[in-house]
Protein chains: 2
Amino acid sequence: MGKSAQVLVNIHREGGASVSDAALSNLIGYNLKRSFNGIYIDLAEVLRPLGLRMITFTILTMLKENPGIRLSNLAAAIDMEKPNMVAVIDELASRAWVTRSADPYDRRARQLHLTETGAALQGFAYAEVCDHEESFLQHLDGDERAQLIALLSKIRQPAGKG
Amino acid sequence: MGKSAQVLVNIHREGGASVSDAALSNLIGYNLKRSFNGIYIDLAEVLRPLGLRMITFTILTMLKENPGIRLSNLAAAIDMEKPNMVAVIDELASRAWVTRSADPYDRRARQLHLTETGAALQGFAYAEVCDHEESFLQHLDGDERAQLIALLSKIRQPAGKG
DNA sequence: TCCATATTGTTATGAAATATAACAATATGG
DNA sequence: CCATATTGTTATATTTCATAACAATATGGA
């Protein structure tokens with residue numbers, strides 16, 4: 001009886017049991033989250049040795065492309081709240097990667113710029129991020145990658161918004 | 001001079017200035033985050049009246065499809081840490097949408113089940129979520145939607161992982 | 001049968017991301 | 001000149017996400 005009980009145990013164990021997520025797999029939102037999480041966790045490890053997080057890398061890249069931009073415009077451009085942006089810019093400024101300089105035409109505003117160090121770091125980090133994406137997308141050919149980006153940007157704005 | 005100064009001010013104002021994110025737009029990770037954020041914020045508003053968040057909706061749906069599943073298997077299936085899952089199951093149990101019952105074959109484990117109320121709520125919420133996705137994806141035809149899901153699931157697993 | 005090892009659910013804790021209210025300084029437009 | 005809006009900022013709260021550790025239990029080999 002000990003042995004047949006053991007059999008029952010094994011039958012009912014869930015060990016490596018298959019779990020179905022079929023209902024969720026139909027949903028774009030679920031797929032987006034899963035895919036993003038995968039790439040995000042991986043990317044965090046690429047950026048950590050450089051002292052960067054995804055958000056700080058994003059901001060350095062935006063500043064290289066938009067030198068002198070204001071904090072509020074930057075925050076709006078990447079859908080971030082201003083108070084949270086202040087904290088991130090503080091961090092980047094304390095590392096001497098970003099400067100806040102006076103805007104001669106509006107004394108409320110500050111112009112955000114990369115320092116030389118910041119620009120160099122951004123360049124290096126961008127290359128690393130591209131390499132990482134390459135490994136992540138190795139199962140997609142050029143057409144598929146372009147199509148994925150096109151489809152994603154198509155759903156950027158929800159129906160009744162604007 | 002007052003007036004020409006005014007002109008300069010206007011020239012240099014960034015008001016609704018165009019901000020470029022071209023460098024980031026090349027990156028799948030960036031596009032994934034932006035697209036997911038858009039759908040997520042919207043979806044949160046659909047679920048809030050039902051007392052649900054994205055994670056609680058996800059778990060109800062997984063439980064309908066996998067009745068009796070263990071907490072650790074469920075956590076693994078959706079890439080969540082066990083301690084975080086415990087808190088969410090606590091919440092769902094306190095609402096009487098989910099039960100933890102004894103597993104007769106393993107006294108460590110508990111079987112997770114939807115209650116009748118939980119199952120009914122999941123059914124209603126799932127329909128609402130599908131409606132929402134419909135409005136979100138209205139600019140994509142059937143082929144494009146299928147293709148997007150296919151492409152997303154293709155990049156689910158990074159290169160050297162497993 | 002005993003014992004080392006692994007698993008399950010859990011507590012405690014911290015870090016990071018995200019959102020809101022409010023404020024002083026400044027700009028704008030009537 | 002004055003009402004109103006904007007800019008950057010502080011303070012604060014919430015939610016999400018990750019790690020370490022633990023008691024109870026199961027497993028498999030000596």
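The chains referred to below are lettered A, B, ... by the order of the sequence lines, with proteins before strands, and numbering in each begins at 1.
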Colleague: Is the phosphate of C:dT18, meaning OP1 or OP2, less than 4.0 Å from a side-chain N or O of B:Lys33?
Modeller: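 Affirmative; the distance criterion is met.
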
Colleague: Taking the side chain of A:Leu71 as its heavy atoms from C-beta onward, which of D:dT9, D:dA18, D:dT7 lies nearest to it?
Modeller: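 Of all the options, the side chain of A:Leu71 is nearest to D:dT9.
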
Colleague: Roughly how many Å is it from CD1 in A:Ile78 to P in C:dA17, rounded to a whole number?
Modeller: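 So the two atoms are 12 Å apart, to the nearest Å.
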
Colleague: After noting the C-alpha distance and the side-chain angles of B:Ile69 and B:Leu63, does the key distance pass the side-chain contact (heavy atoms from CB on, under 4.5 Å) rule?
Modeller: CA-CA 7 Å; B:Ile69 192 176; B:Leu63 288 184; 3.5 Å; yes

Colleague: Examine the base of D:dT6 for any acceptor or donor lying under 3.5 Å from a partner atom in the side chain of A:Arg108, and report the outcome as yes or no.
Modeller: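 Flag set: donor-acceptor pair detected.
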
Colleague: Side chain to side chain donor-acceptor pair (under 3.5 Å) with B:Arg34: which residues, sequence neighbours excluded?
Modeller: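 Once residues adjacent in sequence are excluded, the partners of B:Arg34 under the side chain to side chain donor-acceptor pair (under 3.5 Å) criterion are A:Asp79, B:Tyr30.
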
Colleague: Between A:Arg108 and A:Asp103 (salt bridge meaning N to carboxylate O under 4.0 Å), is one present in this structure?
Modeller: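 A:Asp103 and A:Arg108: not salt-bridged.
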
Colleague: Which nucleotide, D:dT10, C:dG9, C:dA27, lies nearest any side-chain atom of A:Arg107?
Modeller: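 It is C:dA27.
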
Colleague: Using atom types as modelled and distance alone, determine if a side-chain donor or acceptor of B:Asn31 lies under 3.5 Å from a backbone N or O of B:Ser25.
Modeller: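 Yes: the side chain of B:Asn31 pairs with the backbone of B:Ser25.
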
Colleague: Provide, to the nearest angstrom, the distance between the CE atom belonging to A:Met54 and the P atom belonging to D:dA18.
Modeller: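 Distance check: A:Met54 CE to D:dA18 P gives 13 Å.
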
Colleague: Send over the distance from B:Asn37 CG to C:dA16 C1', rounded to a whole Å.
Modeller: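 The answer, rounded to whole Å, is 14 Å.
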
Colleague: Does a side-chain N or O from B:Arg53 land closer than 4.0 Å to OP1 or OP2 of D:dT16, or not?
Modeller: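 So the side chain of B:Arg53 is within the cut-off, an N or O lying under 4.0 Å from OP1 or OP2 of D:dT16.
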
Colleague: Rounded to whole Å, please give me the gap between CE in B:Met85 and P in C:dA12.
Modeller: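 Taking atom P of C:dA12 as the reference, CE of B:Met85 is at 20 Å.
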
Colleague: Can you tell me if A:Tyr40 touches the phosphate of C:dA17, counting only side-chain N or O atoms and a distance under 4.0 Å to OP1 or OP2?
Modeller: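 A:Tyr40 to C:dA17 OP1/OP2: side-chain N or O found under 4.0 Å.
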
Colleague: Quick one: on DNA chain D, does B:Asp79 or A:Ile89 contact a more 5' nucleotide (nearest heavy atom)?
Modeller: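 Counting from the 5' end, the first nearest nucleotide belongs to A:Ile89.
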
Colleague: In this structure, which one of A:Leu112, A:Ile78, A:Leu114 forms a side chain to side chain contact (heavy atoms under 4.5 Å, CB included) with A:Met62?
Modeller: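 Testing each of A:Leu112, A:Ile78, A:Leu114 against A:Met62, the sole residue satisfying side chain to side chain contact (heavy atoms under 4.5 Å, CB included) is A:Ile78.
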
Colleague: Taking the minimum atom-to-atom distance to the side chain of A:Ala109, which one of C:dA19, D:dT7, C:dT8 wins?
Modeller: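 Between C:dA19, D:dT7, C:dT8, the one nearest the side chain of A:Ala109 would be D:dT7.
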
Colleague: Quick check for you: among C:dG9, C:dT11, D:dA18, whose closest atom lies nearest to any side-chain atom of B:Asp90?
Modeller: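 Output: C:dT11.
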
Colleague: Dot-bracket for DNA chain C, please. Rules: Watson-Crick or G-U, both distances under 3.5 Å, ( ) within the strand, [ ] when a pair crosses earlier ones, | for another strand, . otherwise.
Modeller: ||||||||||||||||||||||||||||||

Colleague: Of the nucleotides D:dA20, C:dA19, C:dG9, which has the atom closest to the B:Pro83 side chain?
Modeller: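 Looking only at side-chain atoms, B:Pro83 lies closest to D:dA20.
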
Colleague: Step by step, would you call A:Thr117 with A:Arg95 a side-chain contact (heavy atoms from CB on, under 4.5 Å)?
Modeller: CA-CA 9 Å; A:Thr117 315; A:Arg95 300 262 215 156; over 6 Å; no

Colleague: Does a salt bridge link B:Lys154 with A:Glu144, judged by any charged N lying under 4.0 Å from a carboxylate O?
Modeller: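 Salt bridge present between B:Lys154 and A:Glu144.
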
Colleague: Side chain of A:Arg70 only, please: which of C:dT10, C:dT26, D:dG8 is the nearest?
Modeller: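 Nucleotide nearest to A:Arg70's side chain: D:dG8.
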
Colleague: Starting at atom CG of B:Leu112, determine the distance to atom P of C:dT10, rounded to an integer number of angstrom.
Modeller: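 It is 8 Å, rounded to the nearest whole Å.
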
Colleague: Take the protein atom CD of A:Gln111 and the nucleotide atom P of D:dT7, then report the distance between them rounded to whole Å.
Modeller: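 Value for this atom pair: 14 Å.
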
Colleague: With a 4.0 Å cutoff (strictly under), does any side-chain N or O of B:Arg100 reach OP1 or OP2 of C:dT10?
Modeller: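 Yes, B:Arg100 has a side-chain N/O under 4.0 Å of OP1/OP2 on C:dT10.
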
Colleague: Look at the side chain of A:Lys82 and decide which nucleotide, out of C:dT20, C:dT8, D:dG8, has an atom nearest to it.
Modeller: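 Among C:dT20, C:dT8, D:dG8, the one nearest the side chain of A:Lys82 is D:dG8.
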
Colleague: What is the distance from CG of A:Asn84 to C1' of D:dT15, rounded to the nearest Å?
Modeller: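 Rounding to the nearest Å, CG of A:Asn84 and C1' of D:dT15 are 12 Å apart.
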
Colleague: Determine the minimum heavy-atom distance between B:Ile28 and A:Glu133, stating which atoms define it.
Modeller: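 Smallest heavy-atom distance, with atoms named: N-OE1, 2.9 Å.
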
Colleague: Rounding to an integer number of Å, can you tell me how far A:Asp103 CG sits from C:dA27 P?
Modeller: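 To the nearest whole Å, that distance equals 9 Å.
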
